[in-house]
**Student:** 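Let me begin by handing over the structure; questions about it come next.
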Amino acid sequence: MKKLFVSTAMLLLSISIYAHALWIETNATGKKGQQQDVKIFYGEYAEFSPEKVKDWYSDVKDFTLWLVAPDGQKKQLTTSPQEDHYTASFTPDKDGVYILQVSHSAKDLGRTTVYQFNTSAIVAVGKNETADVKHNLNPLKFQLKAGKVNEPVTIQAFYKDAVSEKMSVTVFSPKGWTKQIEGKNGIAEFVPEWKGKYMIEVSRSDDEKGEHHGKEYTGIWRCATYLVEIK
């Protein structure tokens with residue numbers, strides 16, 4: 001009975017962690033010479049219930065936030081803890097597309113699985129240019145072709161810079177519904193019905209073996225999130 005209780009508890013922990021993710025919030029556009037504010041949350045976006053920083057899983061709060069400039073130069077940004085999120089800022093010094101990104105593998109395993117949280121945000125300064133997906137250095141990432149309400153949004157996932165054939169896509173709408181989308185050949189699509197912010201999460205599980213912080217693992221679960229506003 002004790003073994004059954006422990007197994008059940010571990011299963012519930014795994015489900016809880018899988019339902020959580022990191023995400024970045026910032027304005028999608030910025031101005032040269034003007035400070036751009038950034039927030040990083042962790043929690044269950046479907047209920048928009050970011051967890052208090054003190055309750056974040058494992059060492060997720062020790063993430064590193066990177067800024068990739070239009071020319072591909074990478075810079076680490078300083079983050080400051082608040083009650084339920086972290087804050088950061090940067091000041092664009094040239095026109096172009098800036099990419100904010102985080103990739104963090106939690107120190108503690110879920111049984112024998114590594115949990116890797118990836119998230120990114122794009123800030124366009126000046127001309128309305130498209131971000132180069134190669135400038136996003138996260139292992140799991142995706143590129144969006146977003147339209148307006150009732151127009152298709154195309155999601156193309158990449159894993160280690162190659163098209164990710166394996167992908168699970170979840171969309172969280174501003175009206176509260178959550179939708180699972182089937183991906184094919186690394187591409188998925190959905191049609192937004194309302195204006196507002198949509199959270200998109202792409203995830204995949206891989207059978208891999210190795211050692212992580214002194215513990216043996218047999219698999220890695222990766223997720224990547226991006227918050228897009230449909231107008």
Side-chain angles (χ1 to χ4, degrees), residues 14-15 17-26 28 44-46 63 66-68 70 72 74 96-106 110 113-124 128-174 177-193 197-210 217-231:
S14 297
I15 292 172
I17 296 168
Y18 269 57
H20 285 58
L22 278 170
W23 73 88
I24 297 172
E25 293 194 8
T26 189
E44 177 51 76
Y45 189 82
F63 69 88
W66 295 98
L67 174 71
V68 182
K74 182 180 176 183
V97 176
Y98 293 77
I99 303 177
L100 295 153
Q101 53 193 45
V102 172
S103 180
H104 184 85
S105 297
T113 299
V114 174
Y115 295 107
Q116 184 186 93
F117 302 96
N118 298 281
T119 185
S120 59
I122 294 173
V123 179
N128 188 15
E129 301 178 18
T130 301
D132 187 343
V133 71
K134 292 182 180 180
H135 285 177
N136 188 331
L137 306 178
N138 289 350
L140 181 63
K141 56 197 174 186
F142 54 92
Q143 195 167 33
L144 285 180
K145 184 178 180 182
K148 300 178 181 179
V149 173
N150 296 321
E151 293 182 0
V153 173
T154 303
I155 304 157
Q156 184 171 24
F158 296 88
Y159 174 56
K160 295 183 178 179
D161 290 328
V163 173
S164 178
E165 300 291 341
K166 183 191 299 184
M167 62 188 296
S168 175
V169 182
T170 306
V171 178
F172 305 93
S173 85
W177 61 249
T178 300
K179 186 175 183 179
Q180 299 286 335
I181 305 173
E182 291 295 326
K184 186 177 181 181
N185 298 323
I187 296 176
E189 188 177 272
F190 78 97
V191 178
E193 300 178 38
K197 294 179 180 179
Y198 288 74
M199 172 65 76
I200 300 173
E201 179 182 292
V202 173
S203 62
R204 59 179 283 156
S205 295
D206 295 284
D207 293 328
E208 298 181 25
K209 293 183 179 180
Y217 67 88
T218 59
I220 300 181
W221 175 82
R222 298 176 172 91
C223 75
T225 62
Y226 183 81
L227 191 64
V228 61
E229 185 168 6
I230 302 297
K231 299 180 178 180

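Starting from 1, each residue takes its place in the sequence as its number.
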**Student:** Could you list the donor-acceptor pairs under 3.5 angstrom formed by side chains in residues 160-167, with sequence neighbours left out?
**Tutor:**
unit_1	atom_1	unit_2	atom_2	d
D161	OD1	K141	NZ	2.6
S164	OG	K166	O	2.6
S164	OG	R204	NH1	2.8
K166	NZ	S205	O	3.0
K166	NZ	D206	OD1	3.2

**Student:** Looking only at non-hydrogen atoms, find the nearest pair between K74 and W66 and report the distance.
**Tutor:**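 Shortest heavy-atom contact: CE-CD2, 3.1 Å.
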**Student:** For a quick test of reading the model, state the closest non-hydrogen atom pair linking W23 to E25 and the distance between them.
**Tutor:**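 Closest pair (atom of W23, atom of E25, distance): NE1-OE2, 3.0 Å.
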**Student:** Going from CG on L137 to CD on Q101, what distance comes out if it is rounded to the nearest 0.5 angstrom?
**Tutor:**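 Reported value, rounded in 0.5 Å steps: 4.5 Å.
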**Student:** Under 3.5 Å, is there a donor-acceptor pair between the side chain of N118 and the main chain of C223?
**Tutor:**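 Yes.
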**Student:** Which heavy atom in V191 sits nearest to a heavy atom in P152, and how many Å separate them?
**Tutor:**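 Here V191 and P152 meet closest at CG2-CA, 4.2 Å.
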**Student:** What is the distance from atom OG1 of T178 to atom OH of Y45, rounded to the nearest 0.5 Å?
**Tutor:**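 These two atoms lie 10.5 Å from each other.
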**Student:** Taking side-chain hydrogen bond (donor to acceptor under 3.5 Å, both in side chains) as the test, write out the residues that go with T218, two or more places apart.
**Tutor:**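 T218 satisfies side-chain hydrogen bond (donor to acceptor under 3.5 Å, both in side chains) with T112 only.
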**Student:** CD1/I122 to CD/Q143 distance, rounded to the nearest 0.5 angstrom?
**Tutor:**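 Between I122 CD1 and Q143 CD, I get 7.5 Å after rounding to 0.5 Å.
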**Student:** Could you tell me which non-hydrogen atom of T119 sits nearest to which non-hydrogen atom of N138, and how far apart they are?
**Tutor:**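 Looking at all heavy atoms of both residues, the closest pair is O-ND2, 3.3 Å.
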**Student:** Do L144 and I155 touch side chain to side chain, with heavy atoms closer than 4.5 Å?
**Tutor:**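 When only atoms from C-beta onward are counted, I155 and L144 do touch, with a gap below 4.5 Å.
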**Student:** In Å and rounded to the nearest 0.5 Å, what is the CD to CD1 distance from E201 to I181?
**Tutor:**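 Going from CD on E201 over to CD1 on I181, the span is 11.5 Å.
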**Student:** Sequence neighbours left out, what passes ring pair (Phe, Tyr, Trp, His ring centres under 6.0 Å) with F63? Give chain and number order.
**Tutor:**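 F63 satisfies ring pair (Phe, Tyr, Trp, His ring centres under 6.0 Å) with Y86 only.
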**Student:** Quickly, which of N185, I187, V202 forms a side chain to side chain contact (heavy atoms under 4.5 Å, CB included) with Q156? Name it, please.
**Tutor:**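 Passing option: I187.
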**Student:** How long is the span from the CD atom in E193 to the NZ atom in K179, to the nearest 0.5 Å?
**Tutor:**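 Reported to 0.5 Å precision, the distance equals 7.0 Å.
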**Student:** Listed by chain and number, what are the side-chain hydrogen bond (donor to acceptor under 3.5 Å, both in side chains) partners of E229, not counting sequence neighbours?
**Tutor:**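 Counting only residues at least two positions away or on another chain, E229 forms no side-chain hydrogen bond (donor to acceptor under 3.5 Å, both in side chains).
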**Student:** Are the side chains of W177 and V171 in touch, meaning some heavy atoms are under 4.5 Å apart?
**Tutor:**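 A side-chain contact exists here, since the closest heavy-atom pair is under 4.5 Å.
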**Student:** Supply the atom-to-atom distance T225 OG1 to M199 CE, rounded to the nearest 0.5 angstrom.
**Tutor:**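 T225 atom OG1 to M199 atom CE measures 5.0 Å (nearest 0.5 Å).
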**Student:** If you take all heavy atoms of E208 and Y159, which pair is closest and at what distance?
**Tutor:**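 Smallest heavy-atom distance, with atoms named: OE2-OH, 3.4 Å.
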**Student:** So, do S105 and Y115 sit near enough that their side-chain heavy atoms are less than 4.5 Å apart?
**Tutor:**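 Heavy-atom side-chain distance check fails, nothing below 4.5 Å.
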**Student:** Which heavy-atom pair separates Y226 from S120 by the least distance, and what is that distance?
**Tutor:**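 Where Y226 meets S120 most closely, the heavy atoms are CD1-O, 3.1 Å.
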**Student:** Could I get the full list of side-chain hydrogen bond (donor to acceptor under 3.5 Å, both in side chains) partners for Q180, not counting sequence neighbours?
**Tutor:**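 By the side-chain hydrogen bond (donor to acceptor under 3.5 Å, both in side chains) rule, Q180 matches T170.
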**Student:** Using the test side-chain contact (heavy atoms from CB on, under 4.5 Å), find all partners of P192 that sit at least two apart in sequence or belong to another chain.
**Tutor:**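 V153, F190, Y198, I230.
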